[in-house]
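Note that the coordinates shown come from a computational prediction; the quantities given were computed from them, not determined experimentally.
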Amino acid sequence: RPNNADIHQELGIAYTETGQLSEGVMALNKAISLDPKSPVLYARLAQIYMNQFDTVSAVEILKSGITEIPDDPRLHKAIGDAYTTHGSHTNALKHYRVSLQANPDSPEALCDIGSALRIGGQLDEASQYFDKAIAAKRDMARAISGQAEILESKDKTDEAMELVEKSLKRGVRHPDLAITFARLAKKTKRPNEGIELLKKVLADPGLPRPFRSVVLMDMGSLLEANGSYDEAMEAYTQGNSLYAAQFNEDMYIKSIKILIETFSKDVYDNLPHSSIDTCKPIFILGMPRSGTSLIEQILASHSTVYGAG
């Protein structure tokens with residue numbers, strides 16, 4: 001039955017699970033051509049791209065799905081996730097709000113908006129959404145992690161750690177929570193505890209590839225802080241290897257177009273502005289891995305400085 005979308009979908013899943021990603025993409029594209037009104041097909045194909053860190057292709061296929069099915073909350077949620085990974089939190093927020101309209105009491109949808117707001121520096125509003133998510137589901141790990149990150153941004157490290165530890169003691173388990181604990185553990189000079197928790201997370205064979213990469217990089221940071229430099233380098237190497245990909249000119253051009261779209265004049269005009277009256281932003285420039293991020297973080301720790309990231 002060559003014109004059966006379900007069969008092509010199953011074939012695409014089988015190809016993907018056996019590591020034949022190109023064939024899986026082809027099969028799912030064929031399924032979409034046969035059934036363009038199925039949101040599941042767009043979401044599955046986008047997830048393949050996301051697992052390969054190809055957010056540009058994920059965004060494009062989800063845009064196609066939204067054109068066909070404009071009000072489907074799953075597609076708006078998925079494209080919001082893709083935009084978040086790509087660093088386009090303004091676009092992500094727009095789609096997350098559509099998803100929340102369809103599921104106003106969903107803890108996951110509330111967390112999505114809270115996360116996008118936090119990344120955009122709108123901490124108080126983000127905190128309100130995280131509070132709503134926790135009210136709906138007490139042990140919502142993403143919301144707890146989000147609140148802890150906000151407390152940390154406000155130099156309330158001890159409160160952040162207390163919040164995370166209480167959740168861990170209640171048995172809450174999620175990579176987001178472990179990653180937040182690990183980062184706080186480094187700052188509070190408790191690297192061994194962070195290392196042990198991340199080891200448990202990495203022991204899960206079902207840990208998604210993007211999460212595994214982040215956990216490995218945080219593991220490397222903790223091991224480095226602990227003086228275990230060889231082990232730290234091994235963790236960094238493994239984490240970086242998950243990003244391994246060759247340069248793709250078409251993908252690069254697409255990513256630039258998305259950046260231009262994301263940071264348009266209209267977007268800039270509507271972004272929140274600092275209360276400090278100055279026309280002199282500070283741009284930190286340097287070669288990759290030369291310490292520019294560290295300088296930005298040091299400056300951003302001052303109460304009158306906002307680090308744009």
Side-chain angles (χ1 to χ4, degrees), residues 1-104 106-113 115-116 142 175 205-213 242-243 245-246 248 250-255 257-258 261-262:
R1 291 185 287 173
N3 294 322
N4 186 298
D6 290 338
I7 291 177
H8 285 284
Q9 178 184 192
E10 293 303 320
L11 186 60
I13 294 170
Y15 275 133
T16 303
E17 290 178 348
T18 56
Q20 301 176 76
L21 300 182
S22 296
E23 292 82 355
V25 167
M26 289 176 60
L28 286 169
N29 271 315
K30 178 64 175 178
I32 288 171
S33 71
L34 295 169
D35 186 8
K37 297 295 184 182
S38 170
V40 174
L41 295 176
Y42 295 100
R44 285 194 183 280
L45 181 52
Q47 191 58 53
I48 293 176
Y49 289 130
M50 290 292 289
N51 287 340
Q52 299 303 308
F53 304 100
D54 182 359
T55 55
V56 176
S57 296
V59 165
E60 291 219 340
I61 194 64
L62 290 166
K63 279 184 175 179
S64 299
I66 290 171
T67 298
E68 292 287 344
I69 324 160
D71 299 322
D72 190 272
R74 291 166 293 183
L75 294 182
H76 285 281
K77 151 73 173 167
I79 199 171
D81 290 345
Y83 272 128
T84 297
T85 303
H86 191 74
S88 306
H89 68 270
T90 303
N91 281 331
L93 190 57
K94 177 179 69 176
H95 290 283
Y96 284 148
R97 291 193 188 282
V98 175
S99 179
L100 182 64
Q101 287 175 359
N103 305 284
S106 165
E108 192 69 32
L110 291 164
C111 280
D112 287 336
I113 292 181
S115 296
R142 283 186 63 204
L207 184 67
R209 191 178 181 191
F211 269 123
R212 187 170 295 277
S213 178
L242 295 176
Y243 281 97
Q246 295 182 348
N248 184 306
D250 290 337
M251 189 188 304
Y252 179 73
I253 291 172
K254 289 177 185 177
S255 68
K257 287 181 178 179
I258 287 180
E261 175 189 333
T262 301

[atom2] on [Y] to [atom1] on [X], rounded to 0.5 Å:
X	Y	atom1	atom2	answer
Leu93	Tyr83	CG	OH	13.0 Å
Glu60	Ser64	CD	OG	7.0 Å
Asp112	Asn103	CG	CG	10.5 Å
Ile79	Lys94	CD1	NZ	8.0 Å

So, for [X] and [Y], which heavy atoms are closest and what is the spacing to 0.1 Å?
X	Y	value
Leu28	Gly12	CG-CA, 4.2 Å
Phe211	Pro175	CD2-CB, 3.6 Å
Thr16	Gly24	OG1-CA, 4.0 Å
Ala5	Ala31	O-CB, 3.5 Å
Leu100	Ala109	CD1-CB, 3.7 Å
Ala27	Tyr15	CB-CD1, 4.4 Å

Legend entry - Reference residue Met50; test side chain to side chain contact (heavy atoms under 4.5 Å, CB included); the match among Thr55, Val59, Leu62, Leu45: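 Answer to the side chain to side chain contact (heavy atoms under 4.5 Å, CB included) test with Met50 among Thr55, Val59, Leu62, Leu45: Thr55.
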Inset, instruction - Applying salt bridge (Lys or Arg N to Asp or Glu O under 4.0 Å), name anything that partners Lys63, two or more places apart in sequence or on another chain. - result: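 Testing Lys63 for salt bridge (Lys or Arg N to Asp or Glu O under 4.0 Å), a comparison that skips the adjacent residues, returns Glu261.
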Inset, instruction - Applying salt bridge (Lys or Arg N to Asp or Glu O under 4.0 Å), name anything that partners Glu108, two or more places apart in sequence or on another chain. - result: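 Applying salt bridge (Lys or Arg N to Asp or Glu O under 4.0 Å) to Glu108 gives Lys77, Arg142.
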Inset, instruction - Determine which pairs satisfy side chain to side chain donor-acceptor pair (under 3.5 Å) with at least one residue from residues 23-41, sequence neighbours left out, and list them in order. - result: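 Output for this query lists Lys37-Glu68.
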Inset, instruction - Give the intermediate values and the outcome of side-chain hydrogen bond (donor to acceptor under 3.5 Å, both in side chains) for residues Thr84 and Tyr96. - result: CA-CA 10 Å; Thr84 297; Tyr96 284 148; 3.2 Å; yes
